[in-house]
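Naming convention: chains lettered A, B, ... in sequence-line order (proteins, then strands); numbering from 1 in each chain.
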Amino acid sequence: MESRKQGGKKEDMDLLVQDLDFRSAIYWPSSYMQNIAKVKGTWNREMIKSDTILKLLQGCNSLKRLQKIHSHVITNGLQHHPAISTKLLNFCAVSVSGSLAYAELLFRHIENPQTEAWNSIIRGFANSPSPLQAIFYYNDMLSALVARPDTFTFSFVLKACERVKAESKCREVHGNIIRCGYERDVVVCTNLVRSYVVNGLIGLAQTMFDNMSERDLVSWNSMISCYSQAGFHHEALKVYDRMKNENVGLDGFTLVGLLSSCAHVGALNIGVHLHRIASEEGFVENVFVGNALIDMYAKCGSLDDALRVFDRMQRRDIFTWNSMIVGYGVHGRGDGAISFFKQMLMAGVQPNSITFLGLLCGCSHQGFVEEGVEYFHMMRSKFNLKPGIKHYGCMVDLFGRAGKLEKALEIIGTSPSQDDPVLWRTLLGSCKIHKNVKIGEIAMRNLIQLRASNAGDCVLLATIYAGAKNTDGVLKMRKMIKSQGIKTTPGWSWIEVGNDIHKFVVDDKSHPDSNEIYCKLREVICQATLLGYVPEKSFIIVAGLITKECLETSTSCHSEKLAIAFGLARTSKGTPIRIVKNLRVCRDCHSFTKHVSKAFNREIIVRDRVRFHHFKDGFCSCKDYW
DNA sequence: ATAGGGTTAG
């Protein structure tokens with residue numbers, strides 16, 4: 001580019017005219033632009049009137065064409081013509097092939113820009129990588145007091161608020177919307193509600209939504225997708241109940257948002273219902289819907305159904321393949337993930353970093369160390385993908401789980417972010433499986449150094465110490481928990497029965513049918529014990545390490561057992577029981593669930609924080625390798 | 001002249 005700046009040869013000029021680009025246009029002096037015109041002989045002789053240019057701009061639909069018109073504008077000295085500059089500005093700011101930097105330059109040359117010009121620049125930045133700039137321009141617009149914001153201005157600036165997480169700005173813009181009398185505009189209101197949800201102001205958003213004078217399908221869909229993306233899955237599903245009551249209908253967007261929430265909470269029954277609706281109303285051909293269905297089935301523990309949807313899809317994209325690969329991965333099916341990966345390549349679809357997360361996860365859980373290493377290297381060598389922190393996490397897990405703790409430690413050393421506590425925590429977890437005190441201590445030391453250690457970590461190391469009969473170590477951990485009062489994440493499990501989701505925490509007594517559940521649990525424990533289940537008291541209790549904070553990690557009544565008892569009581573014989581939990585399954589619960597699956601002849605599918613466990617006939621699909 | 005909604009990982 002630099003050399004071109006000085007270039008004066010005719011061939012160079014022709015080349016330049018051909019790929020005249022706004023990005024570089026900023027740096028061109030006007031004399032240079034005149035040179036370009038001279039090269040194109042006819043241009044400087046032909047004087048074009050402004051209305052001709054405006055007409056040309058109106059019909060302009062490609063960058064190439066605009067580049068030509070732009071040259072005409074410069075040649076004829078029309079770059080400051082108000083209507084022309086606004087049109088040009090709009091194109092530069094909004095078009096994918098435009099340039100925001102150039103748009104800003106054009107904008108600065110407009111005297112007293114009107115709403116139209118402000119809108120262009122705000123819209124351009126709202127969709128750009130720096131949406132904050134849009135808010136600045138909006139502020140400037142208001143203080144300039146020349147042009148009044150209109151509904152479009154508000155839509156654009158709200159988009160920016162949504163993207164930069166500007167909570168207080170949302171409220172301020174809301175005030176201006178009311179002041180300008182636009183609080184009844186559906187689009188503006190929908191945008192406002194969106195930015196409230198995305199900024200976590202759920203209550204406010206809900207009230208706004210309820211009070212909207214008019215709501216269309218897009219408004220409803222926005223609610224669902226925003227709730228879903230912000231992690232408010234139950235709220236998203238509740239919106240659907242309201243939609244049914246108010247007969248608003250639904251479309252592919254609705255289904256995608258809802259299915260994603262079903263996937264997150266493991267609501268298979270609702271997901272199946274949505275699948276039926278999708279088939280009845282002709283939305284299964286929609287790739288987005290198909291992908292969401294695959295993901296929903298996989299995340300709800302039903303790989304067979306995911307496969308059925310996959311097989312029937314006419315069009316597949318990267319999401320389709322990734323959903324299958326990640327699905328097999330989290331089910332501990334490295335073989336399946338690898339097979340889909342190969343098919344994906346044969347179908348000519350380029351993998352991305354998520355593809356490899358699925359693959360590595362599958363390899364790690366199936367003990368495919370060599371394959372995992374191979375794919376990890378393949379990312380860079382064959383696909384030019386840089387492994388991220390999560391990929392390193394998978395590798396630490398891959399080696400650690402397989403007992404290659406030294407290798408796991410080495411991997412952390414080569415990772416770009418050694419100050420990520422997750423890597424050290426993963427290693428600590430592996431040390432617990434393999435009862436390795438030495439490396440466990442190294443992991444803990446790093447966690448402490450990073451000021452990231454929590455009670456869960458202390459309990460892990462205490463267990464390792466206890467296993468090695470290291471009383472001093474146990475006491476040290478106990479002291480640490482007590483002195484720092486560090487808390488663990490409260491554990492919970494939930495189960496879907498019918499269309500309702502029941503959530504349990506440890507020793508939960510809050511369920512309306514609590515008595516019945518505990519009664520059932522006693523029976524279940526009894527049956528499991530008859531088949532050889534021995535409650536496994538953790539060393540923590542033995543060592544008297546139990547504190548209120550680490551209750552969840554003890555073997556009191558874990559949420560999972562309550563959910564299983566509830567499931568056995570409330571679902572018919574022979575139907576699988578599906579549980580979703582936020583932590584990993586503990587040893588005692590794992591053994592308990594195996595025995596229950598045999599005693600009650602029930603398939604029990606547990607989705608824990610990292611993977612699926614399918615319990616059947618006294619065995620688990622993870623083969624106790626988890 | 002110009003507007004709002006979608007899937008995988010975390």
Given atom [atom1] of [X] and atom [atom2] of [N], what is their separation to the nearest angstrom?
| X | N | atom1 | atom2 | answer |
| --- | --- | --- | --- | --- |
| A:Ile294 | B:dA9 | CD1 | P | 13 Å |
| A:Trp220 | B:dG4 | CH2 | P | 22 Å |
| A:Leu274 | B:dT7 | CG | P | 15 Å |
| A:Lys299 | B:dG10 | NZ | C1' | 11 Å |
| A:Gln114 | B:dT2 | CD | C1' | 15 Å |
| A:Arg607 | B:dA9 | CZ | P | 9 Å |
| A:Arg163 | B:dG4 | CZ | C1' | 15 Å |
| A:Phe209 | B:dG4 | CZ | P | 18 Å |

Pick base, sugar-phosphate or nothing for [X], based on heavy-atom distances below 4.0 Å to the nucleic acid.
| X | value |
| --- | --- |
| A:Asn119 | base |
| A:Phe156 | base |
| A:His391 | nothing |
| A:Gly257 | nothing |
| A:Thr151 | base |
| A:Ser219 | base |

Using 30° and 60° as the class boundaries, would you call the ring planes of A:Phe383 and A:Phe356 parallel, tilted or perpendicular?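 Taking A:Phe356 first and then A:Phe383, their aromatic rings sit tilted (interplane angle of 30° to 60°).
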According to a strict under-4.0 Å criterion, is [X] in side-chain N/O contact with OP1 or OP2 of [N]?
| X | N | answer |
| --- | --- | --- |
| A:Gln229 | B:dG6 | yes |
| A:Ser260 | B:dT8 | yes |
| A:Lys390 | B:dT8 | no |

Confirm from the modelled atom types if A:Asn291 and B:dG6 form a donor-acceptor pair under 3.5 Å, side chain to base only.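 Such a pair does not exist between side chain and base.
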By centroid distance (under 5.5 Å) and plane angle (under 30°), are A:Phe288 and B:dG6 in a stacked arrangement?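 Yes, aromatic ring over the base.
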Using centres under 5.5 Å plus planes under 30 degrees as the test, is A:Phe152 stacked with B:dT2?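 Answer is yes, a stack.
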Using a heavy-atom distance cut-off of less than 4.0 Å, which residues of residues 173-204 of chain A contact DNA chain B?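 Heavy-atom cutoff 4.0 Å gives A:Asp185, A:Val186, A:Val187, A:Thr190, A:Asn191, A:Arg194.
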When you get a sec, tell me which of B:dT7, B:dG6, B:dT2 is the closest nucleotide to the side chain of A:Asp150?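 The closest nucleotide is B:dT2.
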I'd like to know if A:Asp241 pairs up with A:Lys244 as an ion pair, taking the criterion as any Lys NZ or Arg NE/NH1/NH2 lying under 4.0 Å from an Asp or Glu carboxylate oxygen.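 Salt bridge: yes.
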Can A:Lys159 and A:Glu162 be counted as an ion pair, charged N to O under 4.0 angstrom?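 A:Glu162 and A:Lys159: not salt-bridged.
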Distance-only donor-acceptor pairs under 3.5 Å for side chains of residues 106-114 of chain A, two or more places apart:
unit_1, atom_1, unit_2, atom_2, d
A:His109, ND1, A:Leu105, O, 3.2
A:Gln114, NE2, A:Asn112, O, 3.0

Answer yes or no on whether A:Arg123 is positioned over the face of A:Phe152, meaning its NZ or CZ is under 6.0 Å from the six-membered ring centre and within 45° of the axis.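 Verdict for A:Phe152: no cation-pi partner in A:Arg123.
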Would you please say whether a donor-acceptor pair under 3.5 Å links the side chains of A:Asn176 and A:Arg179?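 Checked: A:Asn176/A:Arg179 side chains pair up, N/O donor to acceptor below 3.5 Å.
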Exercise: do A:Asn139 and A:Lys169 side chains pair donor with acceptor under 3.5 Å: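 There is such a pair (donor and acceptor under 3.5 Å, judged by atom type) between the side chains of A:Asn139 and A:Lys169.
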For A:Asn119, which of A:Thr86, A:Val94, A:Asn90, A:Asp150 qualifies under side-chain contact (heavy atoms from CB on, under 4.5 Å)?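 Checked A:Thr86, A:Val94, A:Asn90, A:Asp150 against A:Asn119; only one passes side-chain contact (heavy atoms from CB on, under 4.5 Å): A:Asp150.
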